[in-house]
Amino acid sequence: GNMLKATNIKKKYNQLEVLKGVDISVNKGEIVSIIGSSGAGKSTLLHIIGTLDTADSGEIYLHNEPVHQYRNDKLAAYRNRHMGFVFQFHHLLPEFTALENICIPGWIAGRKKKEVEQEAIRLLQTLGLENRQDNKPHALSGGEQQRVAVARALINKPSIIFADEPTGNLDSTNAKEMHHLFVKLRDEFHQTFLIVTHNEELAGMSNRVLHMKDGLISE
Ligand code: ADP
Ligand code: ADP
């Protein structure tokens, strides 16, 4: 079956019906992009499927786990362990080094400190950041900051990475590099992605592109 399956997702803000019963499924190792005009509800959908926001109705299954039923501590732990997030802005913690920022979700998950650090160092190498591990975010370029954010999203080997305009704040060179990184993570590690993007190149590299319009999705 599908790694991720969400059915009949509905969301209203006051009188505004943003999501009118969205169905979406993602298979392991796929990059799926969601495109559509500004205000179409793409971010709302991604936040709901990533359990950062709640729907008015609908079901979300990740590996057949009914995550829409999870609440509070169980939900937070599940999200930290099995879902990775990359946003338009990196949201790294300014007082911590690149290595520490990457390790934090692993430490929160209660994994062994040494094991998490070794994994973080491997990720720094994979992402071409090996000489940046002791730098704090302000000392890194925009492209490097966003790659650290990707490494942080990967540290717990999540089932899926949710990315909301991940290259929206990067220049075209860094954006291109990020797109190739996502493809490499998919092809070499079977990493699964669900991405909201305006970037045609990134959408073009996806396995599937979903169009959001009038509160519904079409392929
Ligand atoms: P997109 O990501 O496609 O640009 P969004 O999901 O951000 O669209 O927003 C969809 C619609 O829902 C917009 O009209 C937006 O103003 C509205 N919206 C989003 N979040 C809220 C909120 N917390 N409260 C009220 N309206 C919201
Ligand atoms: P993005 O850049 O990802 O589309 P926005 O800047 O639209 O995000 O929204 C940032 C935050 O504000 C989100 O948490 C979203 O839910 C909320 N938000 C967006 N539109 C509205 C709105 N019309 N009223 C209240 N909150 C909103």
Side-chain angles (χ1 to χ4, degrees), residues 2-26 30-62 67-72 75-76 78-80 82-92 142 145-146 149-150 152-153 158-172 174-176 178-179 181-183 186 191-219:
N2 307 118
M3 161 183 281
L4 173 81
K5 194 171 175 62
T7 54
N8 205 21
I9 302 293
K10 294 185 181 171
K11 182 75 172 180
K12 255 191 208 175
Y13 289 116
N14 305 315
Q15 302 308 315
L16 183 68
E17 271 188 88
V18 178
L19 305 175
K20 298 181 182 171
V22 172
D23 296 323
I24 186 169
S25 57
V26 181
E30 270 192 322
I31 298 177
V32 176
S33 288
I34 303 173
I35 64 170
S37 57
S38 187
K42 305 180 297 296
S43 283
T44 300
L45 178 65
L46 196 79
H47 282 81
I48 287 172
I49 297 176
T51 73
L52 297 168
D53 196 356
T54 52
D56 299 330
S57 62
E59 300 184 340
I60 304 159
Y61 292 90
L62 186 57
V67 297
H68 58 285
Q69 294 175 354
Y70 293 2
R71 293 287 178 271
N72 307 327
L75 179 61
Y78 185 89
R79 185 195 300 124
N80 179 59
H82 299 289
M83 299 175 174
F85 296 90
V86 180
F87 299 102
Q88 181 170 358
F89 299 97
H90 57 76
H91 300 297
L92 298 173
Q145 289 168 342
Q146 196 64 329
V150 172
R152 177 182 56 184
S159 301
I160 184 163
I161 288 188
F162 298 101
D164 193 353
E165 297 287 0
T167 61
N169 193 40
L170 299 178
D171 63 37
S172 62
N174 278 302
K176 212 179 259 293
M178 184 64 65
H179 303 159
L181 175 61
F182 286 174
V183 167
R186 175 192 66 191
Q191 182 63 55
T192 309
F193 293 89
L194 182 61
I195 304 176
V196 166
T197 187
H198 282 108
N199 190 295
E200 289 178 14
E201 185 187 61
L202 181 51
M205 289 173 157
S206 307
N207 299 78
R208 286 188 292 136
V209 180
L210 307 177
H211 300 253
M212 222 169 156
K213 200 184 167 202
D214 297 330
L216 291 169
I217 264 184
S218 59
E219 207 142 328

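As the structure lists them, so they are numbered: ligands from 1, and atoms in each ligand from 1. For the single chain, residues carry numbers from 1 onward in sequence order.
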| request: From atom 11 (C) of ligand 1, work out which of Gly41, Ala40, Gly39 has a heavy atom at the shortest distance. | output: Gly39

| task | For the residue pair Ile34 and Leu194, establish whether any side-chain heavy-atom pair is separated by less than 4.5 Å. | result | yes

| Is ligand 1 less than 4.0 angstrom away from at least one heavy atom of Gly36? | no

| message | Using 30° and 60° as the class boundaries, would you call the ring planes of His91 and Phe89 parallel, tilted or perpendicular? | response | perpendicular

| said: Below a 4.0 angstrom heavy-atom separation, can you tell me which part of Leu16, side chain or backbone, both or neither, approaches ligand 1? | reply: side chain

| message | Rounded to the nearest 0.5 Å, what separates atom OG1 in Thr7 from atom NE2 in His68? | response | 7.5 Å

| Whether over 12 other heavy atoms sit under 6.0 Å from Glu201 CD | yes

| Quick one: does ligand 1 sit under 4.0 Å from the side chain of Thr44, the backbone, both or neither, non-hydrogen atoms only? | both

| task | Would you mind running through ligand 1 and noting each atom that sits below 4.0 Å from a heavy atom of Val18? | result | 10 (C), 11 (C), 12 (O)

| Against heavy atoms of Ser37, which atoms of ligand 1 measure under 4.0 Å? | 3 (O)

| query | Going through the distances and angles, do Leu62 and Met83 end up as a side-chain contact (heavy atoms from CB on, under 4.5 Å)? | reply | CA-CA 10 Å; Leu62 186 57; Met83 299 175 174; 4.0 Å; yes

| note | One finds that the ligand 1 atoms under 4.0 Å from a non-hydrogen atom of Ser43 are 1 (P), 2 (O), 6 (O), 7 (O)

| Backbone N/O of His211 and side chain of Lys42: donor-acceptor pair under 3.5 Å | no

